[in-house]
Amino acid sequence: KTMQQYRYDGPVMRFDSCVQYRWTATTVAATEAKAKSNLIYRYKKENGLLPSAKITLPGKLIFG
């Protein structure tokens with residue numbers, strides 16, 4: 001499967017609270033699920049959160 005570039009531009013949720021109204025990042029991945037996983041990992045790294053932190057990206061991923 002070929003790698004696709006995905007872009008996320010939307011809110012970041014920690015449990016049920018919005019911790020950031022707008023976060024924009026890009027990643028390259030084979031599937032949309034993997035892209036979301038990569039972006040969540042990156043957000044945690046950038047913000048000094050533990051790997052076990054419950055972070056979700058409720059917005060849409062964009063190709064390209």
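Given the structure is predicted, the values throughout are model-derived calculations rather than measurements.
- The OH atom of Tyr8 sits 9.5 Å away from atom CD1 of Ile62, with the distance rounded to the nearest 0.5 Å.
- Note that OG1 of Thr26 and CG of Asn38 are 11.0 Å apart. Values are rounded to the nearest 0.5 Å.
- In this structure, CG in Leu61 is found 5.0 Å from CD in Glu32, a value given to the nearest 0.5 Å.
- Across all their heavy atoms, Tyr6 and Ala30 have their closest contact at OH-O, 4.2 Å.
- Residues Tyr21 and Leu39 are members of separate hydrophobic clusters, defined by side-chain heavy-atom contacts under 4.5 angstrom among Ile, Leu, Val, Met, Phe, Trp and Tyr.
- Ile40 and Met13 sit in two unconnected hydrophobic clusters of ILVMFWY residues. Membership requires side-chain heavy atoms under 4.5 Å apart, directly or through other members.
- For the pair Gly59 and Lys36, the tightest heavy-atom approach, listed with the atom from each and the gap, is O-NZ, 3.4 Å.
- A salt bridge links Glu46 with Arg42: at least one charged nitrogen is closer than 4.0 Å to a carboxylate oxygen.
- Under the 30°/60° scheme for interplanar angles, the aromatic rings of Trp23 and Tyr43 are found to stand perpendicular.
- Taking 4.5 Å as the limit, some side-chain heavy atom of Ile55 sits within range of a side-chain heavy atom of Lys44.
- Between the CD atom of Gln4 and the OG1 atom of Thr27 there is a distance of 12.0 Å, given to the nearest 0.5 Å.
- Across every non-hydrogen atom of Pro58 and Pro11, the tightest pair is CD-O, 3.4 Å.
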